[in-house]
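Notes for the one structure printed next.
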Amino acid sequence: MTGHTHDAAIIGWAHSRFGKIEDAPDAEALIGLVARQAIEHAGLEPADVDAVFLGQFNGGFTPQEFPASLMFQAVPELRFRPATRYENACATGSAAIHGALDFLGAKRGRVTLVVGVEKMTATPGPRVGEILLSASHLKTEGGIEAGFAGVFARIAEAYFQRHGDQSDALAAIAAKNHKNGVDNPWAQMRKDLGYEFCRAESEKNPFVARPLKRTDCSLVSDGAAAIIIAEGDVAKSAPRAARFRATAHVQDFLPIARRDITRFEGPREAWARAFEAAGMGLSDLSFAEVHDCFTIAELIEYEAMGLTPEGQGHRAILEGWTTKDGKLPINRSGGLKAKGHPIGATGVSMHALAAMQLCGEAGDMQLPRADVAGVFNMGGAAVANYVSILERAG
């Protein structure tokens, strides 16, 4: 198995702010913030859209299930189009994107609308933890304290035992992403917390599950993001286009006990397949958006993507490789750490932000060199692994 190449491109997008959005009481309202706006941003009319793809994890965050048709509430002109809801834990948004790419690749249509959404903040904190833990193998991991943070704390502990205490690197990753988040107008937390705050345990930064502190964990968020993906001929006449050079989806065992969890073998395989299909390597990337649900995830992802050898991910952050002016900027958006992590919206958001960079429309986040992007979106503890290689069209 290898990755896949595509004749398709992102030609428009929309992005809500992430965080506690009280004036959008449910997922339906959040979808309304982005669906029509993305179509208009692409310079199209609703009549041009051939199918819609919705990414929503839910799992109990809202009582409304069967949400695929909710986009018709926001854009009633889409009535009678094919509409499907996709789900693959925290990689739900990318699952919906792959559904759209498959639809286009099968020549079933020319233009697709993909929306990712989640309403999390209306759910009580303990219940949020239970819902998120359901993305682990409950038979063997359901008793882990502190929910999904506890799962990644176990990963961090195992990594530390093998490669030494990397608390300095984790704090540096958190500080980098919070500093980047200041420039993202949609980010949930736009505050440069600084390395010292992220490194030290304190009343405002307590341990959530040792060795992970609050600054090591992504946020509970509401939000929605949307992108228009069109086939090649449509993209050629669009005002902007970020082309899918290649994609890969690799699914792994659900129980962490079945895997060497410190190696992120699924992400490693997904990156390798995507690079092979693209005819590229890591050195061809201008920047990357990767899935930092917890800082330990970003650290191990450095190794999985080939930025450093195993056990040396700390070098990439401590030597400044992944800062906004480093050799491979990672999470210029602030990542999930600062931007927020509304589960179903995350993958779509990552692709939208990468497309903004490639099209020179990223505002204060804009990097001086943005020709080729890598996007890595992960569901569960390295279970559902999606990589996209995007490039500026033309």
Side-chain angles (χ1 to χ4, degrees), residues 89-90 125-126 128-130 132-177 195-220 252-268 290-305 307-318 322 330-331 335-337 341 376 378-385:
C90 302
V128 170
E130 291 176 5
L132 295 179
L133 190 61
S134 70
S136 66
H137 187 245
L138 291 178
K139 284 185 179 180
T140 56
E141 297 157 24
I144 294 177
E145 294 183 9
F148 220 62
V151 172
F152 274 84
R154 286 197 177 182
I155 295 170
E157 285 181 333
Y159 185 92
F160 286 14
Q161 288 171 5
R162 182 172 296 181
H163 301 298
D165 188 323
Q166 301 299 330
S167 296
D168 290 351
L170 300 191
I173 288 170
K176 167 184 70 74
N177 290 347
Y195 171 80
E196 294 301 331
F197 178 85
C198 295
R199 181 64 181 89
E201 179 191 7
S202 65
E203 184 178 340
K204 292 186 176 181
N205 190 27
F207 282 105
V208 176
R210 290 180 184 271
L212 302 180
K213 297 184 286 294
R214 183 175 291 165
T215 49
D216 294 305
C217 307
S218 57
L219 304 159
V220 173
D252 206 345
F253 292 120
L254 185 58
I256 57 176
R258 292 289 303 272
R259 301 173 274 139
D260 181 350
I261 195 58
T262 67
R263 297 190 68 244
F264 273 25
E265 294 160 292
R268 187 180 301 270
V290 307
H291 196 97
D292 60 318
C293 50
F294 300 91
T295 52
I296 184 62
E298 181 169 329
L299 181 72
I300 302 176
E301 284 157 20
Y302 293 163
E303 300 170 14
M305 68 194 300
L307 190 55
T308 74
E310 286 183 33
Q312 296 184 35
H314 61 279
R315 291 187 58 205
I317 183 64
L318 297 179
T322 59
I330 289 183
N331 289 337
L336 285 56
K337 180 76 267 290
H341 184 22
F376 172 67
M378 178 173 77
V383 176
N385 306 286

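- For the atom pair CD1 of Ile296 and CD of Glu301, the computed distance is 10.0 Å after rounding to the nearest 0.5 Å.
- Applying the side chain to side chain donor-acceptor pair (under 3.5 Å) test to Asp168 and every residue at least two apart in sequence or in another chain returns Tyr195, Arg199.
- Scanning for side chain to side chain donor-acceptor pair (under 3.5 Å) contacts around Thr215 gives Asn205, with sequence neighbours left out.
- Residues Pro206 and Arg214 are in side-chain contact: their nearest non-hydrogen atoms beyond the backbone lie under 4.5 Å apart.
- Asp292 contributes a side-chain N or O that, together with a main-chain N or O of Lys337, makes up a donor-acceptor pair within less than 3.5 Å.
- Residue Ala135 comes nearest to Leu254 through the heavy atom pair O-CD1, 3.8 Å, listed as atom of the first residue, atom of the second, then distance.
- With His341 contributing its side chain and Ser218 its backbone, the two residues share no donor-acceptor pair below 3.5 Å.
- Taking 4.5 Å as the limit, every side-chain heavy atom of Met305 sits out of range of all side-chain heavy atoms of Pro267.
- Listed by chain and residue number, Asp260 satisfy the salt bridge (Lys or Arg N to Asp or Glu O under 4.0 Å) test with Arg162 (two or more places apart in sequence, or in another chain).
- Rounded to the nearest 0.5 Å, atoms NZ (Lys176) and OG1 (Thr322) are 4.5 Å apart.
- Side-chain N or O atoms of Asn177 include none that pairs as donor or acceptor with a backbone N or O of Ala175 at under 3.5 Å.
- Between the side chain of Glu141 and the backbone N or O of Ile256 there is at least one donor-acceptor pair closer than 3.5 Å.
- Shortest non-hydrogen contact noted between Thr262 and Ile300 is O-CG2, 3.4 Å.
- Listed here is the closest heavy atom pair of Leu336 and Val290: CD1-O, 4.3 Å.
- Across every non-hydrogen atom of Lys213 and Cys217, the tightest pair is O-SG, 3.4 Å.
- Asp216 and Pro211 get closest at one heavy-atom pair: OD2-O, 4.0 Å.
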List the atom pairs, donor and acceptor, that lie under 3.5 Å between side-chain atoms in residues 146-158 and the rest of the protein, sequence neighbours left out.
none

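- Side-chain contact check for Ile173 versus Asn331: every heavy-atom pair is 4.5 Å or farther apart.
- Applying the side chain to side chain donor-acceptor pair (under 3.5 Å) test to Tyr159 and every residue at least two apart in sequence or in another chain returns Glu303.
- The line from CD1 of Ile317 to CD1 of Ile330 is 8.5 Å long, rounded to the nearest 0.5 Å.
- Not one N or O on the side chain of Asp165 forms a donor-acceptor pair closer than 3.5 Å with the backbone of Phe160.
- Considering only residues two or more places apart in sequence or on other chains, Arg315 meets the salt bridge (Lys or Arg N to Asp or Glu O under 4.0 Å) condition with Glu319.
- Smallest separation of non-hydrogen atoms from Phe197 and Ser202: CE1-OG, 4.2 Å.
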